[in-house]
Trainee: 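I'd like to ask some things about the structure below.
Note that the numbering runs from 1 along the sequence shown for the chain. Below, all heavy atoms of this structure are taken into account, side chains as well, without hydrogens, waters or symmetry copies.
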Amino acid sequence: MTQVRQWHTNSEIATDVYASLLQEELTRCLPFLGQSPQLNLRRYLVDWLAIVCENLNIDSMARHLAVYLLDRTMDHFTISGETHLQRLALVCLLIATKFEEQEVKIAKLTNLANQINSDTTAQKEFFQMELLLLDFFNWNVAIPTALHFADYFTMGAIGPNDLHAGKPLTGCNATLYLKQYTQYFLEISLQDHVFSNCRPSLVAAVCIAASRICLQLSPTWTHRLFKLTKYSWDQIWPYIDTMLK
């Protein structure tokens, strides 16, 4: 997906790519059941992956995909022990960087292994686990994430008739602030497994709505956003409280 990372800025292809992503999330995304016996460790693993990505300069696109892979793998396999769970998270990140990062930034196995002080012998287990995961996903791991959709939705998230605290948008860089808030809520969406069972496009729409609420933009959800995202307010509002908490 690295080759279409900036697709939303090209008006000639944006509609077609967006339609393709919508189709992919329906046909490629595996359901999240939340049945892992290690579900209580999920938040720790997600936060730890964020630290690893910061240490290794890995972008958010790869991290979002890694969390998707981690959730579905934990759903179907029992992994005992913190070290094994960390190794699984790193393998998910390794796979994700191969699909979302530029070639020069693909995570090196040695750098990942160093995050848990693994020796050369343990690195063989990384390769074995990577093949196991690829086989489990049937090599179908180019999955659209909420971050892909959020980039597109943000482009049209501010309308000419929007109000800020009941007043016209004048002298207020609302688009910039909305992007910053949306990025923040995308991080929140990774931490709460409630959002793992939602379509990525829905999560992105909820992030936009939560950002508009924080920015005191009204109306919270416009017809323009409904046409853009294909989601009504009735589909979004059940998740707003969880996101804002």
Trainee: Do the non-hydrogen side-chain atoms of Cys214 and Phe185 ever get within less than 4.5 Å of each other?
Mentor: yes

Trainee: Do side-chain atoms of Asp192 reach the backbone of Val194 as a donor and acceptor pair under 3.5 angstrom?
Mentor: yes

Trainee: On a heavy-atom basis, which atom in Ser189 and which in Leu186 lie closest, and how many Å separate them?
Mentor: OG-O, 2.6 Å

Trainee: So, the side chain of Gln23 versus the backbone of Ser20: is there a donor-acceptor pair under 3.5 Å, distance only?
Mentor: no

Trainee: Can you tell me how far the CG atom of Asp59 sits from the CG atom of Leu65, to the nearest 0.5 Å?
Mentor: 13.0 Å

Trainee: Do Tyr231 and Ser201 have side-chain atoms, one donor and one acceptor, less than 3.5 Å apart?
Mentor: yes

Trainee: Once you measure the plane-to-plane angle for Phe195 and Tyr239, does it fall in the parallel (<30°), tilted (30-60°) or perpendicular (>60°) bin?
Mentor: tilted

Trainee: Quick one, Ser211 and Thr154 - any side-chain contact, counting heavy atoms below 4.5 Å?
Mentor: no

Trainee: Give a yes or no on whether the ring-centroid distance for Tyr68 and Phe32 is below 6.0 angstrom.
Mentor: no

Trainee: Is there a side-chain contact between Val46 and His193, using heavy atoms and a 4.5 Å cut-off?
Mentor: no

Trainee: Do His64 and Val203 come close enough that some side-chain heavy atom pair is under 4.5 Å?
Mentor: no

Trainee: Working to the nearest 0.5 Å, report the span between CG of Leu49 and CG of Leu56.
Mentor: 10.5 Å

Trainee: Check the hydrophobic clustering (I, L, V, M, F, W, Y; side-chain heavy atoms under 4.5 Å; chains of links allowed) and say if Leu33 and Ile79 are grouped together.
Mentor: no

Trainee: Would you say Val206 and Thr242 make side-chain contact, with heavy atoms under 4.5 Å?
Mentor: no

Trainee: Is it true that Glu130 and Lys98 make a salt bridge, defined as a side-chain N closer than 4.0 Å to a carboxylate O?
Mentor: yes

Trainee: How many angstroms lie between atom CG of Leu225 and atom CD1 of Ile208, to the nearest 0.5 angstrom?
Mentor: 7.5 Å

Trainee: Can you find a pair of side-chain heavy atoms, one from Met74 and one from Leu39, that are under 4.5 Å apart?
Mentor: no

Trainee: Distance from Phe149 atom CZ to Leu228 atom CG, nearest 0.5 Å?
Mentor: 11.5 Å

Trainee: Keeping Thr73 on the side-chain end and Leu69 on the backbone end, is there a donor-acceptor pair under 3.5 Å?
Mentor: yes

Trainee: Between Arg43 and Asp47, is there a salt bridge with N-O shorter than 4.0 Å?
Mentor: yes

Trainee: Can a donor-acceptor pair be found between the side chains of Ser36 and Asp75 at a distance below 3.5 Å?
Mentor: no

Trainee: Hey, are the side chains of Leu85 and Tyr44 touching, using non-hydrogen atoms and a 4.5 Å cut-off?
Mentor: no

Trainee: So, does Arg28 use its side chain to make a donor-acceptor pair with the main chain of Ala142 at under 3.5 Å?
Mentor: yes

Trainee: What is the distance from atom CG of Asn161 to atom CZ of Arg224, rounded to the nearest 0.5 Å?
Mentor: 9.5 Å

Trainee: Could you check if a side-chain atom of Leu190 sits within less than 4.5 angstrom of a side-chain atom of Arg63, using non-hydrogen atoms only?
Mentor: yes

Trainee: About how many Å separate CG of Leu88 and CZ of Phe126, when rounded to the nearest 0.5 Å?
Mentor: 10.0 Å

Trainee: Under 3.5 Å, is there a donor on one side chain and an acceptor on the other for Thr145 and His148?
Mentor: yes

Trainee: What I want to check is whether the side chains of Ser218 and Arg212 have a donor and an acceptor closer together than 3.5 Å.
Mentor: no

Trainee: With clusters defined by side-chain heavy atoms of hydrophobic residues (ILVMFWY) lying less than 4.5 Å apart, directly or transitively, does Val67 cluster with Ile51?
Mentor: no

Trainee: Parallel under 30°, tilted from 30 to 60°, perpendicular over 60°: which one fits the rings of Phe136 and Phe77?
Mentor: perpendicular

